[in-house]
Amino acid sequence: MAEDPYHEVKAEIQTSLQTAATLRASYLRIASTATGDSEELRWAGSELKATLAALDADLEDLEESVRIVEGSGGRSFGIGGNEVIQRRQFCRFVRTEIEKASTSRSQPSRPAEVPSPEEEDDQSEWERQEQATMLRQQDSTLSTIAGTLGTLVEQAGLMGREIGEHNEYASFCLECWYPLTATAFRMLSDLEANVDRTSNKLGGAMKKMQQFIRDTEGVKVPECLSRCVN
């Protein structure tokens, strides 16, 4: 799909419109109080003229992009018919604003012209469509957020159920194996006590044997046997 430069150029034009409106108000204020062709008035007029010239060039680029979209029916850019109409109305609105600013610069002493009903209708319609577009974008964003939150809630519910099942299984294992573990522990304790007693008995026997060996060292066999018999 080809790249659509409309929104980038539109943002630049909206910024230039604000600048031109500020310069136009300043120019009219100076013109209403200046006497003759003052230097301040010439400077304000030059600034306004330069801004309007740049704005007019940007508007031509925007109008060209709209003509391209209109020529393809908007299909190549994925643009609907209502969007194309809104773009054309915005171009007409900007062109009207440039003409009004140019007129006030060339004839500052004349009262401001009252917009014609057609101009007011175009501007009002453009503003309504812009607001409707913003509302649709907000609704789409809220729907996306709501869907994401719903997915998170569902995943959290699944995790909670899995954790509950694991806890139930762990409790069952403890209930089943704890008595066996306690019995095995008692058996091991008894075995350890028996081993200790047997070890003590063996130790005592070894001591007696060692004592006997020491006592019989150097003694004749008959005498040793006599001692063993006795």
Side-chain angles (χ1 to χ4, degrees), residues 2-74 77-142 145:
E3 182 179 0
D4 181 10
Y6 173 79
H7 295 289
E8 181 178 356
V9 179
K10 177 183 176 183
E12 294 177 358
I13 286 179
Q14 287 175 327
T15 301
S16 298
L17 272 178
Q18 294 176 354
T19 303
T22 302
L23 291 174
R24 178 173 178 266
S26 177
Y27 178 80
L28 293 176
R29 177 182 57 79
I30 296 172
S32 64
T33 59
T35 56
D37 190 14
S38 68
E39 181 179 355
E40 185 180 9
L41 183 61
R42 287 197 304 272
W43 179 86
S46 298
E47 289 292 317
L48 179 58
K49 181 180 179 180
T51 301
L52 292 176
L55 183 58
D56 186 73
D58 290 339
L59 180 59
E60 289 180 358
D61 292 338
L62 189 66
E63 289 173 334
E64 178 64 23
S65 70
V66 173
R67 283 193 293 270
I68 292 173
V69 173
E70 287 177 334
S72 64
F77 302 95
I79 300 173
N82 291 333
E83 175 67 16
V84 175
I85 294 174
Q86 291 178 20
R87 295 185 180 191
R88 174 54 61 189
Q89 290 176 343
F90 177 75
C91 290
R92 286 201 296 266
F93 165 72
V94 175
R95 178 62 65 188
T96 300
E97 292 298 312
I98 293 176
E99 291 175 356
K100 287 194 299 184
S102 299
T103 301
S104 64
R105 185 185 65 83
S106 60
Q107 297 176 346
S109 59
R110 294 177 58 185
E113 297 181 1
V114 178
S116 65
E118 292 79 7
E119 293 175 350
E120 290 183 347
D121 291 341
D122 288 342
Q123 183 175 355
S124 298
E125 180 64 20
W126 173 77
E127 291 176 351
R128 284 195 298 270
Q129 292 181 357
E130 284 288 303
Q131 185 176 7
T133 301
M134 291 177 61
L135 290 175
R136 286 195 297 269
Q137 292 175 348
Q138 291 175 357
D139 290 341
S140 177
T141 301
L142 290 175
I145 294 174

[X] to [Y] - nearest heavy-atom pair and separation:
| X | Y | result |
| --- | --- | --- |
| Cys91 | Val66 | SG-CG2, 3.9 Å |
| Ala101 | Leu52 | CB-CD2, 3.6 Å |
| Ser16 | Asp58 | OG-OD2, 4.2 Å |

- Message: Run Phe93 and Glu97 through side chain to side chain contact (heavy atoms under 4.5 Å, CB included) and show every step you take.
- Response: CA-CA 6 Å; Phe93 165 72; Glu97 292 298 312; 3.6 Å; yes

Between [atom1] on residue [X] and [atom2] on residue [Y], distance to nearest 0.5 Å:
| X | Y | atom1 | atom2 | value |
| --- | --- | --- | --- | --- |
| Ile98 | Asp56 | CD1 | CG | 5.0 Å |
| Leu23 | Glu47 | CG | CD | 6.5 Å |
| Leu55 | Glu12 | CG | CD | 11.0 Å |
| Ile13 | Asp61 | CD1 | CG | 8.0 Å |
| Thr133 | Gln86 | OG1 | CD | 4.0 Å |
| Lys49 | Tyr27 | NZ | OH | 11.0 Å |

- Quick one: do Arg88 and Arg67 satisfy side chain to side chain contact (heavy atoms under 4.5 Å, CB included)? Show the steps, please. CA-CA 9 Å; Arg88 174 54 61 189; Arg67 283 193 293 270; 3.7 Å; yes

- Basic-acidic side-chain contact under 4.0 Å: Glu83, Arg87: yes

- Message: Set out, in order, the CA-CA distance, both residues' side-chain angles and the distance that settles side chain to side chain contact (heavy atoms under 4.5 Å, CB included) for Ser65 and Val9, then state yes or no.
- Response: CA-CA 9 Å; Ser65 70; Val9 179; 5.9 Å; no

- Item | Stepwise side chain to side chain contact (heavy atoms under 4.5 Å, CB included) test for Arg95 and Phe90 | CA-CA 9 Å; Arg95 178 62 65 188; Phe90 177 75; over 6 Å; no

- Arg29: partners by side-chain contact (heavy atoms from CB on, under 4.5 Å), with sequence neighbours left out: Ser26

- Item | Set of residues satisfying side-chain contact (heavy atoms from CB on, under 4.5 Å) with respect to Thr15, sequence neighbours excluded | none

- Query: Has Glu60 got more than 12 heavy atoms of other residues, nucleotides or ligands less than 6.0 Å from its CD?
  - Reply: yes

